[in-house]
There are 2 protein chains.
Amino acid sequence: MVKYPNGTFAAFRKSVGEPTFKKNQKSNYYRKNINFSDRGMTLEQMINESNKFYRLKEIAVVHKKPTPIQIVKVDYPKRSRAVIKEAYFRQESTTDYNGVYNGYYLDFEAKETKNKTSFPLKNFHEHQIVHLTECLKQKGICFTIIGFTSLNRYFVTPANVIAKAWWTQNKSSVTLTEIEEWSVEIKSGFQPTLPYLEAVDYFIADRKSKNGKYKI
Amino acid sequence: MVKYPNGTFAAFRKSVGEPTFKKNQKSNYYRKNINFSDRGMTLEQMINESNKFYRLKEIAVVHKKPTPIQIVKVDYPKRSRAVIKEAYFRQESTTDYNGVYNGYYLDFEAKETKNKTSFPLKNFHEHQIVHLTECLKQKGICFTIIGFTSLNRYFVTPANVIAKAWWTQNKSSVTLTEIEEWSVEIKSGFQPTLPYLEAVDYFIADRKSKNGKYKI
Ligand SMILES: [Mg+2]
Ligand SMILES: [Mg+2]
């Protein structure tokens, strides 16, 4: 077993980032990753950067879950690493992010829209709503980060607000006004890029207070 | 947006299980999954079954993280779903399992050995040890489930015990005696298959007590 000196772990950290893609490749995944917002980063990239910052500062440990893949065929070339030759994207059964912050379990989904006045609920899948509700029952801090990329505005919205809207018949979107009313807005910055834990602190205080607004 | 009636969610649940593999296929992953222990299940299968039970009973929400894959080439055939044509296994940056149990963040790695007297530490990677230690600092309940498959014995061992052994120079394994001393042994059963939350309850009580043994 190789027990690396501390120095090499930073190098290791670098190697475990997001998947890399060949340029000029026609892949939805690739396109999604370079769908740059005004700030030059997608919401997902902003959150990943923030999580890196929070982890290195020992403030919180939050990771993005890998995309679930169904592997069908793998080649094992001699003197070379295994190559997956046939695989399919699978339905995700949970949200994109979870982790731990000062004893609290965090679970959230990040979504962005180019709309300027409302967020379409079709961006959520039922299993994500169900998963967030399951985690809420276990006293997790569950929320969504909604990015209005055209407005450069970011909201941390409690999961129960989204779940309630999602289960409302004939409601296909949440208006920006509703989101403003029921979320904590956060400003994108430098370190961290998206300080969503400020909203989490707010939710934790709200939970502790007798007449909290969010019932989170 | 399709809002499924409750009934179909059970069906959805079934479809989001472990990846399936073609039979007679030479894949380490396949072999790993059919490496049946005496009970006809691998440790991972036992834990997945237990997690399903805990989730359906609303006792805890714990999921296995998907295997991280680096996707290089994807085909988008007309009238058919996307096919990944070239991809590679990536180094995992976290442990296999995490989730939430009554407000507590759980994080653990499951490992099995055919050895009868000790558990080889080379089964752990540095990043797993580092991740568990990071989560411990955030007050998560962090542990490993070690299965001695030849003995049909299962131990829930606090992460700090494993981390301490791992960082000890020239220590290449933890003896069964040490594991017996510093773990909670759990018996495999029917529902859940592996009741590891009994050990978690023990750790939580230990944490609350002034002179706890585990310092978890
Ligand atoms: Mg997502
Ligand atoms: Mg593992």
Side-chain angles (χ1 to χ4, degrees), chain A residues 1 3-4 9 12 15-16 19-22 25-29 55 58 60-61 63 65-74 76 81-91 93-94 98-105 107 121-122 126-127 130-131 134-135 137-140 166-167 169 172, chain B residues 1 3-4 9 12 15-16 19-22 25-29 55 58 60-61 63 65-74 76 81-91 93-94 98-105 107 121-122 126-127 130-131 134-135 137-140 166-167 169 172:
Chain A
M1 166 178 37
K3 294 184 182 179
Y4 299 98
F9 185 64
F12 166 71
S15 72
V16 295
T20 54
F21 294 91
K22 282 182 186 162
Q25 169 195 335
K26 287 196 181 173
S27 149
N28 278 336
Y29 272 74
R55 213 162 74 246
E58 301 193 351
V61 181
H63 286 272
K65 282 175 226 167
T67 306
I69 303 286
Q70 181 182 346
I71 299 162
V72 174
K73 190 164 171 260
V74 185
Y76 294 90
R81 65 176 174 156
V83 190
I84 297 161
K85 294 298 236 179
E86 185 186 351
Y88 299 91
F89 295 104
R90 288 163 59 215
Q91 176 82 294
S93 51
T94 64
N98 75 354
V100 60
Y101 167 53
N102 191 27
Y104 291 96
Y105 172 81
D107 199 298
L121 285 165
K122 71 172 187 303
E126 179 176 3
H127 61 272
V130 170
H131 173 74
E134 285 178 345
C135 292
K137 281 188 189 155
Q138 294 301 326
K139 304 179 194 160
W166 204 89
W167 290 111
Q169 283 298 330
S172 62
Chain B
M1 167 177 39
K3 295 185 182 179
Y4 299 99
F9 187 63
F12 167 71
S15 73
V16 294
T20 52
F21 293 91
K22 282 181 185 163
Q25 170 195 334
K26 287 193 182 178
S27 150
N28 279 335
Y29 272 76
R55 213 163 73 245
E58 299 190 354
V61 180
H63 286 273
K65 281 173 226 168
T67 305
I69 303 287
Q70 182 182 342
I71 298 162
V72 175
K73 188 164 173 263
V74 185
Y76 294 89
R81 65 175 171 155
V83 189
I84 297 161
K85 293 298 235 179
E86 185 186 350
Y88 299 90
F89 295 104
R90 286 164 59 217
Q91 176 82 296
S93 51
T94 64
N98 74 355
V100 59
Y101 167 52
N102 192 27
Y104 291 96
Y105 172 81
D107 198 298
L121 285 165
K122 70 172 187 304
E126 179 176 2
H127 61 271
V130 170
H131 173 74
E134 285 177 346
C135 292
K137 281 187 189 154
Q138 294 301 326
K139 304 181 195 161
W166 203 90
W167 289 112
Q169 282 299 327
S172 63

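Sequence lines set the chain letters: A, B, ... in the order given, protein chains first and strands last, and positions in each chain run from 1.
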Hey, does the Lys NZ or Arg CZ of Arg81(B) hover above the aromatic six-ring of Tyr88(A), less than 6.0 Å from the centre and inside 45° of the axis?
-> yes
Would you mind telling me which of Gly140(A), Ala87(A), Cys135(A) has the largest number of heavy-atom pairs within less than 4.5 Å of chain B?
-> Ala87(A)
Grab the two heavy atoms, one from Pro68(B) and one from Pro66(A), that are nearest each other, plus how far apart they are.
-> CA-CB, 3.8 Å
Measure the spacing between CD1 of Ile84(A) and NZ of Lys85(B) and express it to the nearest 0.5 Å.
-> 13.5 Å
Report the C-alpha distance between Arg55(A) and Glu134(B) in whole Å, list the side-chain angles of each, state the deciding distance to 0.1 Å, and finish with yes or no for side-chain contact (heavy atoms from CB on, under 4.5 Å).
-> CA-CA 8 Å; Arg55(A) 213 162 74 246; Glu134(B) 285 177 346; 3.6 Å; yes
Rounding to 0.5 Å, atoms OG1 (Thr67(B)) and CD1 (Ile69(A)) come to a distance of 9.5 Å
Please examine the side chains of Tyr104(B) and Val100(A), heavy atoms only from C-beta on, and report whether any two atoms are closer than 4.5 Å.
-> no
Mind checking the NE2-CG spacing from His63(B) to Asp107(A)? Nearest 0.5 Å is all I need.
-> 8.5 Å
Would you say Gln138(A)'s side chain and Val61(B)'s backbone share a donor-acceptor pair under 3.5 angstrom?
-> no
Taken to the nearest 0.5 Å, the spacing of Lys137(B) NZ from Glu58(A) CD works out to 3.5 Å
Step by step, work out the side-chain contact (heavy atoms from CB on, under 4.5 Å) result for Glu86(B) and Val83(A).
-> CA-CA 7 Å; Glu86(B) 185 186 350; Val83(A) 190; 4.1 Å; yes
Name the option with the most non-hydrogen atom pairs under 4.5 Å to chain A; the candidates are Asn102(B), Thr94(B), Asn98(B).
-> Asn102(B)
